[in-house]
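Below: the structure, in structure tokens.
Numbers for residues simply follow the sequence, beginning at 1.
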Amino acid sequence: MSSQPAPGLGGNAHHGLAYNLAGIAVLILLLAVGAAYLVDELGRLARTPTPSLADGNPIKQTISGRELSIPANWFRFGEQIRDGFTDQIDLRLMLTTADGTAMPVDVTLLPRSRARTSASLLDGVYLHQFSDETLGGVIGLVGKPMLQRNGYGGESVWYDALSPNPFVAKCLKLEETGGLGQCLRTVYLPSGIAAVYAFDATILQSWRQFDTGMEQWLTRIGAY
């Protein structure tokens with residue numbers, strides 16, 4: 001009895017190879033499209049103008065019952081650039097430091113009920129979590145590391161010990177450099193809106209100019 005090759009076996013193999021090659025081609029195409037999108041997005045970010053107090057094109061947003069008029073260029077996220085009511089506004093503003101350098105500060109505006117000020121946290125939380133060590137390096141501020149065993153590893157708090165309403169910021173140390181990285185400071189504005197500031201730790205050296213510097217920007221949009 002003569003043996004015959006199974007019908008269609010060679011054809012199936014060819015079809016399978018073609019299917020795999022097609023799949024690889026689609027994957028390469030998707031990667032290329034993704035890479036092109038990433039390059040375009042990075043280019044768009046690079047082209048984004050630095051926020052300025054002279055910016056126009058205002059967007060009307062209402063938060064905590066207060067209408068703000070915010071230049072479109074100040075928003076951190078494009079999806080927020082629309083008129084209407086909101087419960088969170090994310091902005092990028094600039095602070096001129098003591099040496100004249102303009103540094104970015106990310107600002108999140110929230111209803112007062114959604115935030116606690118850094119000054120209130122100093123007395124109610126932070127003081128009970130300090131280690132015995134005291135940090136130096138920022139004139140006019142006391143730096144205290146937080147106890148690592150309570151989940152605050154790498155964090156420190158910097159505050160003005162002489163003021164009844166002190167400047168307070170909590171900072172996170174960068175493991176790569178061993179130095180301070182990013183800091184957070186939360187305040188209540190006279191308008192009743194809460195503002196959470198996120199900024200590079202080098203700005204701590206200009207802490208005396210911080211609140212007045214931010215006041216210029218927030219007064220400009222009606223948030224102060």
With salt bridge (charged side-chain N to carboxylate O under 4.0 Å, His left out) as the rule and sequence neighbours excluded, what pairs involving [range] come up?
| range | answer |
| --- | --- |
| residues 122-140 | none |
| residues 186-196 | none |
| residues 207-224 | R185-D211 |

Roughly how far apart are [X] [atom1] and [Y] [atom2], rounded to 0.5 Å?
| X | Y | atom1 | atom2 | result |
| --- | --- | --- | --- | --- |
| N57 | N73 | CG | CG | 9.0 Å |
| D90 | L109 | CG | CG | 8.0 Å |
| F130 | L147 | CZ | CG | 9.5 Å |
| S156 | L135 | OG | CG | 5.5 Å |
| I63 | R112 | CD1 | CZ | 14.0 Å |
| Q61 | R66 | CD | CZ | 15.0 Å |

Is any side-chain heavy atom of [Y] closer than 4.5 Å to one of [X]?
| X | Y | value |
| --- | --- | --- |
| I81 | W74 | no |
| L189 | L218 | yes |
| T108 | Y197 | no |
| L93 | P104 | no |
| T86 | Q80 | no |

Applying side chain to side chain donor-acceptor pair (under 3.5 Å), can you list everything that pairs with [X], at least two apart in sequence or on another chain?
| X | value |
| --- | --- |
| S206 | none |
| D160 | none |
| R116 | none |
| T101 | D99 |

If you take all heavy atoms of [X] and [Y], which pair is closest and at what distance?
| X | Y | answer |
| --- | --- | --- |
| F199 | A169 | CZ-CB, 4.0 Å |
| A195 | V107 | CB-CG1, 4.4 Å |
| W158 | C171 | CD1-SG, 3.9 Å |
| K144 | S131 | NZ-O, 3.3 Å |
| P145 | G143 | CD-O, 4.1 Å |
| V168 | S118 | O-CB, 3.5 Å |

When you group the ILVMFWY residues by side-chain heavy-atom contacts below 4.5 Å and let the links chain together, are [Y] and [X] in the same group?
| X | Y | answer |
| --- | --- | --- |
| V105 | Y224 | yes |
| L68 | Y188 | no |
| L121 | Y159 | yes |

### Query
Which is it for K170 and E155 under the side chain to side chain contact (heavy atoms under 4.5 Å, CB included) test, yes or no, and what are the steps along the way?
CA-CA 7 Å; K170 186 169 76 165; E155 297 184 29; 3.0 Å; yes

Which residues satisfy the side chain to side chain contact (heavy atoms under 4.5 Å, CB included) test with [X], sequence neighbours excluded?
| X | result |
| --- | --- |
| F85 | T62 |
| R114 | D87, Q88, L110, P111 |
| Q216 | L53 |
| L184 | V196, A198 |

## Note on the structure
Those residues at least two apart in sequence (or on a different chain) that pass ring pair (Phe, Tyr, Trp, His ring centres under 6.0 Å) with Y126 are none

### Task
Could you walk me through whether L91 and D106 pass the side chain to side chain contact (heavy atoms under 4.5 Å, CB included) test, one step at a time?
CA-CA 6 Å; L91 309 174; D106 289 341; over 6 Å; no

### Task
Test side chain to side chain contact (heavy atoms under 4.5 Å, CB included) on F210 and L95 and set out the steps.
CA-CA 7 Å; F210 190 93; L95 177 73; 3.7 Å; yes

### Query
Taking it one step at a time, do L172 and Q182 satisfy side chain to side chain contact (heavy atoms under 4.5 Å, CB included)?
CA-CA 6 Å; L172 179 65; Q182 290 291 308; 5.6 Å; no

### Task
Kindly indicate, with the supporting measurements, whether the criterion side-chain hydrogen bond (donor to acceptor under 3.5 Å, both in side chains) is fulfilled by T202 and D200.
CA-CA 5 Å; T202 57; D200 189 275; 2.7 Å; yes

#### Entry: Lys/Arg-Asp/Glu bridge criterion (N-O < 4.0 Å) met for K60, D83
no

